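Worksheet: one structure, shown below.
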Amino acid sequence: IVYEEENVWKAVAVISGAEAVMGTSLHVRIMSFVFHKPRVTWCAAGKKHAAFLRLWDATDAPNCITLKDTWSTLSKYVGSVPEISQEKTREAYEKSVKLYMQSFEKWSNLLNK
């Protein structure tokens, strides 16, 4: 499915039910991570994508790729013994949630000033 909707809730719903997600948007990448979906992101190794990948995403998740590398990257997620599982994604996600919750009070208090 090629999805061009600009409604954020509809986009999140599509990602949550997807088998795999391909896109150029960092927000799509983040939502794919949150829902533990196999994901490829077409991007130059720009700062915002690279920072998210380095700080939050799973260590075995693919970095920015080019269009020609799409199938070879996606194929690492399939088969009886995939090269890339979602186990490291689950671990990275749990770590992210834990760090977020540890700092929630500090950051949310800044909004009340």
Side-chain angles (χ1 to χ4, degrees):
I1 296 172
V2 175
Y3 197 69
E4 297 178 7
E5 179 64 45
E6 292 188 23
N7 180 304
V8 67
W9 300 117
K10 289 181 181 179
V12 169
V14 168
I15 292 167
S16 73
E19 289 185 43
V21 178
M22 300 175 281
T24 58
S25 165
L26 178 58
H27 295 101
V28 168
R29 175 70 180 230
I30 292 168
M31 288 290 93
S32 302
F33 166 74
V34 167
F35 286 106
H36 308 126
K37 299 298 178 177
R39 56 208 172 273
V40 296
T41 305
W42 301 307
C43 56
K47 291 182 182 180
K48 66 181 186 177
H49 288 89
F52 173 77
L53 294 167
R54 185 180 67 255
L55 293 171
W56 303 107
D57 211 339
T59 56
D60 65 348
N63 290 315
C64 292
I65 65 166
T66 62
L67 191 59
K68 70 178 176 61
D69 296 322
T70 302
W71 177 245
S72 63
T73 303
L74 278 177
S75 66
K76 293 177 182 179
Y77 284 105
V78 297
S80 58
V81 184
E83 242 180 272
I84 302 172
S85 73
Q86 292 305 308
E87 186 56 37
K88 288 187 181 179
T89 295
R90 281 188 263 296
E91 292 170 7
Y93 174 80
E94 289 170 8
K95 177 184 170 190
S96 300
V97 169
K98 183 178 177 183
L99 290 169
Y100 172 80
M101 294 307 292
Q102 287 174 351
S103 62
F104 180 79
E105 293 281 332
K106 174 183 173 183
W107 293 106
S108 64
N109 286 332
L110 292 174
L111 297 173
N112 294 325
K113 293 184 179 195

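Along the sequence shown, residues are numbered consecutively beginning with 1. Both backbone and side-chain heavy atoms feed into the values below; hydrogens, waters and symmetry mates do not. As the structure is a prediction and not an experimental result, all values here were calculated from the model.
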Holding to side chain to side chain contact (heavy atoms under 4.5 Å, CB included), I want the full list of residues that pass it with Q102, two or more places apart in sequence or in another chain. K98, L99
Residue pair F33 / A58: nearest heavy atoms and the distance that separates them: CE1-N, 4.3 Å
Would W56 and I30 count as a side chain to side chain contact (heavy atoms under 4.5 Å, CB included) here? Give the steps. CA-CA 9 Å; W56 303 107; I30 292 168; over 6 Å; no
Please examine the side chains of V21 and V28, heavy atoms only from C-beta on, and report whether any two atoms are closer than 4.5 Å. yes
Check whether M22 and I15 end up in the same hydrophobic cluster, where Ile, Leu, Val, Met, Phe, Trp and Tyr are linked by side-chain heavy atoms less than 4.5 Å apart. no
Counting N and O atoms only, with roles assigned by atom type, does the side chain of S85 sit under 3.5 Å from a partner on the main chain of E87, one being a donor and the other an acceptor? yes
Smallest heavy-atom separation, G17 atom then K37 atom, equals C-NZ, 4.3 Å
If you group Ile, Leu, Val, Met, Phe, Trp and Tyr by side-chain heavy-atom gaps below 4.5 Å, do F52 and Y93 land in one group? yes
Is the shortest side-chain heavy-atom distance between I84 and P38 below 4.5 Å? no
Strictly by salt bridge (charged side-chain N to carboxylate O under 4.0 Å, His left out), give each pair with a member in residues 13-34 just once, sequence neighbours left out. R29-D57
Nearest heavy-atom contact between L53 and C64 is CD1-N, 3.9 Å
I'd like a table of donor-acceptor pairs (distance under 3.5 Å, sequence neighbours excluded) in which one partner is a side-chain atom from residues 73-83, with atom names and distances.
{"residue": "T73", "atom": "OG1", "partner": "D69", "partner atom": "O", "Å": "2.8"}
{"residue": "S75", "atom": "OG", "partner": "W71", "partner atom": "O", "Å": "3.1"}
{"residue": "S75", "atom": "OG", "partner": "S72", "partner atom": "O", "Å": "2.9"}
{"residue": "Y77", "atom": "OH", "partner": "R39", "partner atom": "N", "Å": "3.4"}
{"residue": "Y77", "atom": "OH", "partner": "R39", "partner atom": "O", "Å": "3.3"}

Output the distance between atom NZ (K48) and atom OG (S25), rounded to the nearest 0.5 Å. 7.0 Å
Scanning both residues in full, the closest heavy-atom pair of L26 with H49 reads N-NE2, 3.6 Å
Heavy-atom check, side chain of W42 versus side chain of T70, under 4.5 Å: yes
